[in-house]
Amino acid sequence: MSFDKTILITGGAGFIGSHLVRLMVNKYPNYRIVNLDKLTYAGNLENLSDIESNDNYSFVKGDIVDEQFIDTLFADYQFDGVIHLAAESHVDRSIEDPMSFIKTNIVGTVNLLNAARKYWTDFSGKRFYHVSTDEVYGSLGETGFFVETTAYDPRSPYSSSKASSDHLVRAYHHTYGLPIVISNCSNNYGPNQFPEKLLPLFIHNIKNEKPLPVYGDGKYTRDWLWVIDHAIAIDLIYEKGRDGETYNIGGNNEWKNIDLINSLCKVMDELLDRPAGSSEQLITYVKDRPGHDRRYAIDASKLMNELGWEPTVFAEEGLRKTAEWYLSNSEWLENVTSGAYQKYYTKQYGE
Ligand code: NAD
Ligand code: DAU
């Protein structure tokens, strides 16, 4: 079969990557989509079982930190574009083990940049897209928003590793002319997220009537974006974003953690047919995350005005859709919480 383009998506077996792979495989039968993933604890091919036999989809298991492997992959596939999502993504894990974040998020990104630079002798029609986070901008006070020109001020090993990779991607653009684009997005939620992150963890715990560990005073604020809205934005930016630019992506959907958790508890009581207030009784305030960023909020007006993107799912509707997905995919949830999960959970939260 011949294709118009071959696109490498890294981290396509993870949470956001799997939604992006599905979207692009279905939308572009004329593109060959190659999903490269190491299948760490966060990668799960079950997320892609519905498209795994499509003719325009291939999966390759491998590590972006392995320079030789990346070089050979580029030689074999002659990619026209790269959409790079593979990363260590959980802040709490970065506090315990920064080095794996340095390796994957920084060294892995440089390996991909070097391979693109080596094999793209002609930059025409090529694009290297780095998917990044709003956490690179640091922490906001009660008011204000991150814009694309906000100075970087990363404060955790995770956000520092992402900031570093953003800088390197921009450096390859300025120094070597590599065609790049970057997006910085807020907290995603929805199907297929590993239950170490707030919402799937709390849904899993409510289901099993286990404590809900709220860090600190619970008044930390995040902007929540429906994961498929993020995938749609990435596709749009990949196709239409301007070379060398950065686009912020956000849901215009700010919640203090404790308000989000209380709303989730109400939805869960209803869906599980339990007496009102039962899930809320599981809320337990625990020791704060070290260096916990107080508030993130995104101004996505550049993306909205330039490319016409807008979020489609908000507030309680998103929470309900998320809770419903995990409850009706209990096998998925059981599979990902078997094995090493229990060891992580006990280390992080105790029994
Ligand atoms: P995730 O942890 O669910 O998935 C990461 C994927 O990368 C997994 O499939 C994993 O197996 C793979 N991976 C990890 N190390 C690898 C390596 N060395 N080589 C190859 N593959 C490797 O993460 P996610 O939440 O889907 O995030 C995807 C990207 O989006 C990340 O770059 C993250 O920084 C960024 N991001 C995430 C959010 C969010 O809310 N989750 C928000 C903004 C930006
Ligand atoms: O902002 C984008 C970022 O959002 C992404 O770049 C990261 O990859 C992603 O993990 C996410 O980071 P957060 O640290 O904001 O997400 P997390 O789900 O870990 O936590 C959300 C909030 O909930 C945060 O304020 C910490 C709090 N929290 C989290 C957990 C896991 C708790 O109170 N208790 C918990 O057990």
Side-chain angles (χ1 to χ4, degrees), residues 9-21 35-45 47-48 60-66 69-70 83-95 100-101 103-105 107-109 111-112 130-137 139 146 156 158-159 161-162 165-166 183-190 192-202 205 211-225 227 230-231 234 249-251 255-258 260-261 283-289 292-298 345 348-349:
I9 298 183
T10 70
F15 169 47
I16 301 167
S18 59
H19 291 281
L20 179 69
V21 166
N35 171 15
L36 162 65
D37 200 295
K38 183 180 173 183
L39 300 182
T40 67
Y41 76 93
N44 183 358
L45 288 176
N47 296 346
L48 292 165
V60 180
K61 183 168 188 252
D63 188 343
I64 59 169
V65 179
D66 182 343
F69 163 75
I70 292 297
I83 309 183
H84 174 37
L85 294 94
E88 288 294 339
S89 68
H90 192 44
V91 175
D92 292 327
R93 287 185 194 253
S94 83
I95 294 166
S100 57
F101 286 68
K103 286 183 181 154
T104 289
N105 299 1
V107 177
T109 302
N111 283 340
L112 291 164
H130 186 227
V131 175
S132 191
T133 171
D134 60 357
E135 297 197 12
V136 298
Y137 298 122
S139 184
F146 297 132
S156 72
Y158 163 69
S159 56
S161 69
K162 292 296 288 186
S165 52
D166 285 4
S183 58
N184 297 86
C185 186
S186 62
N187 287 59
N188 285 216
Y189 69 130
N192 297 134
Q193 188 170 33
F194 191 79
E196 62 188 348
K197 309 281 176 10
L198 181 71
L199 283 172
L201 172 72
F202 278 33
N205 283 11
L212 306 178
V214 177
Y215 295 163
D217 65 2
K219 291 185 182 153
Y220 293 83
T221 301
R222 298 290 183 265
D223 168 58
W224 293 90
L225 178 67
V227 62
H230 188 190
I234 295 173
I249 312 175
W255 293 79
K256 281 197 169 47
N257 289 343
I258 194 62
L260 182 77
I261 292 160
I283 290 175
T284 313
Y285 286 89
V286 299
K287 196 163 149 278
D288 210 348
R289 170 186 282 176
H292 200 169
D293 286 337
R294 193 67 176 166
R295 175 172 168 260
Y296 306 141
I298 278 274
Y345 188 88
Q348 185 70 20
Y349 301 106

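Order of appearance sets the numbers: ligands from 1, and atoms from 1 within every ligand.
Of the polar atoms of Trp224, none of the N or O atoms is found under 3.5 Å from an N or O of ligand 2, judged by distance alone. Of the N or O atoms in Pro213, one or more lie within a sub-3.5 Å distance of an N or O in ligand 2. In terms of polar-atom proximity, defined here as any N/O pair under 3.5 Å, His230 makes no such contact with ligand 1. Inclusion of Tyr220 in the set of residues having an N or O under 3.5 Å from an N or O of ligand 2 is not warranted. Remark: ligand 2 and Glu196 share no N or O pair separated by less than 3.5 Å (distance only, no angle test). Considering backbone and side-chain atoms alike, Ser186 places every N or O at 3.5 Å or more from each N or O of ligand 2. Any N or O atom pair closer than 3.5 Å counts here, and Thr104 shares at least one such pair with ligand 1. Taking distance alone, with nitrogen or oxygen atoms compared against 3.5 Å, Tyr215 approaches ligand 2 more closely than that limit. Residue-to-ligand polar distances place Thr40 within reach of ligand 1: an N/O pair is separated by less than 3.5 Å. Distances between N or O atoms of Asn44 and those of ligand 1 include no value under 3.5 Å. Annotation: Leu85 places an N or O atom under 3.5 Å from an N or O atom of ligand 1; distance criterion only. When only interatomic distances are considered, the shortest N/O to N/O separation between Leu36 and ligand 1 does not fall below 3.5 Å. Among the atoms of Asp92, none of the N or O lies under 3.5 angstrom from an N or O of ligand 2.
Interface atoms of ligand 2 facing Val214, defined by a heavy-atom separation under 4.0 Å, are 33 (O). The distance from ligand 1 to the heavy atoms of Leu39 drops below 4.0 Å at these ligand atoms: 11 (O). Under a 4.0 Å criterion applied to the non-hydrogen atoms of Tyr296, ligand 2 contributes the atoms 1 (O). Each of the atoms 17 (C), 18 (N), 19 (N) of ligand 1 lies under 4.0 Å from some heavy atom of Asp63. Ligand-side atoms of ligand 1 in range of Cys185: 42 (C), 43 (C), range being under 4.0 angstrom from any heavy atom. Interface of Val131 with ligand 1, defined as ligand atoms under 4.0 Å from a residue heavy atom, comprises 30 (O), 32 (O). Per-residue contacts place Tyr158 under 4.0 angstrom from the following atoms of ligand 2 (heavy atoms of the residue considered): 5 (C), 6 (O), 7 (C), 8 (O). Close approach of ligand 1 to Tyr158 (heavy-atom distance below 4.0 Å) involves ligand atoms 33 (C), 34 (O). Near Lys162, meaning under 4.0 Å from one of its heavy atoms, ligand 1 places the atoms 31 (C), 32 (O), 33 (C), 34 (O). Each of the atoms 1 (P), 2 (O), 23 (O) of ligand 1 lies under 4.0 Å from some heavy atom of Ser89. Using a 4.0 Å cut-off to heavy atoms of His292, the atoms of ligand 2 that qualify are 24 (C), 25 (O), 26 (C). Below 4.0 Å from some heavy atom of Val91 lie the following atoms of ligand 2, by number and element: 14 (O). Taking every non-hydrogen atom of Ser132 and a distance limit under 4.0 Å, the qualifying atoms of ligand 1 come out as 43 (C), 44 (C). Counting the atoms of ligand 2 from 1 in the order shown, those under 4.0 Å from a heavy atom of Ser89 are 7 (C), 8 (O), 9 (C), 10 (O). Every atom of ligand 2 is numbered from 1 in the order shown, and the set under 4.0 Å from a heavy atom of Asp134 is 1 (O), 2 (C).
Remark: Asp293 does not engage Arg222 in a salt bridge, criterion side-chain N to carboxylate O under 4.0 Å.
Among Asn257, Val286, Thr284, the residue whose heavy atom sits closest to atom 23 (O) of ligand 2 is Asn257. Considering His90, Glu135, Arg294, Glu88 only, the shortest heavy-atom separation from atom 12 (O) of ligand 2 involves Glu135. With distances taken over non-hydrogen atoms, the option nearest atom 15 (O) of ligand 2 out of Arg295, Arg222, Gln193 is Arg222.
With a 4.0 Å heavy-atom cut-off, ligand 2 is reached by the backbone of Leu198 and by its side chain too. Contacts between Cys185 and ligand 2, counted as non-hydrogen atom pairs separated by less than 4.0 Å, involve the backbone only. Contacts between Leu201 and ligand 2, counted as non-hydrogen atom pairs separated by less than 4.0 Å, involve the side chain only.
The shell of residues lying under 4.0 angstrom from ligand 1, judged by heavy atoms, excludes Gly108. Residue contacts with ligand 2 leave out Gly218, since none of its heavy atoms falls under 4.0 Å from the ligand. Heavy atoms of Gly12 stay at 4.0 angstrom or farther from ligand 1.
Looking only at heavy atoms of the protein, atom 11 (O) of ligand 1 is closest to Asp37 OD1, 2.5 Å. Among protein heavy atoms, the minimum distance from atom 4 (O) of ligand 1 is reached at Gly14 CA, 3.5 Å. Taking atom 10 (O) of ligand 2 as the reference point, the nearest protein heavy-atom neighbour is Lys197 CE, 3.0 Å. Atom 40 (O) of ligand 1 has as its closest protein heavy atom Asn188 N, 2.8 Å. Protein heavy atom at the shortest distance from atom 20 (O) of ligand 2 is Arg289 NH2, 3.9 Å. Among all protein heavy atoms, the one lying closest to atom 36 (N) of ligand 1 is Ile16 CD1, 3.9 Å. The protein heavy atom nearest to atom 11 (C) of ligand 2 is Asn187 ND2, 3.4 Å. When hydrogens are left out, the protein atom nearest atom 3 (O) of ligand 1 is Phe15 N, 3.0 Å; that is the closest non-hydrogen contact. The single protein non-hydrogen atom nearest to atom 21 (N) of ligand 1 is Lys38 N, 3.1 Å, given as residue, atom name and distance. Distance from atom 19 (N) of ligand 1 to its nearest protein heavy atom, with residue and atom name: Ile64 N, 3.0 Å. The nearest protein atom to atom 42 (C) of ligand 1, hydrogens excluded, is given as Ser186 O, 3.2 Å; this is a heavy-atom distance. From the protein, the heavy atom lying nearest to atom 36 (O) of ligand 2 is Tyr349 OH, 2.7 Å.
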*Is there a side chain to side chain contact (heavy atoms under 4.5 Å, CB included) between Leu260 and Phe202 once you walk through the steps?*
CA-CA 11 Å; Leu260 182 77; Phe202 278 33; over 6 Å; no
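Side-chain polar atoms of Asp92 and Tyr215 form a donor-acceptor pair below 3.5 angstrom.
The aromatic rings of Tyr41 and Phe194 stand perpendicular to each other, their planes meeting at an angle above 60°, with 30° marking the opposite boundary.
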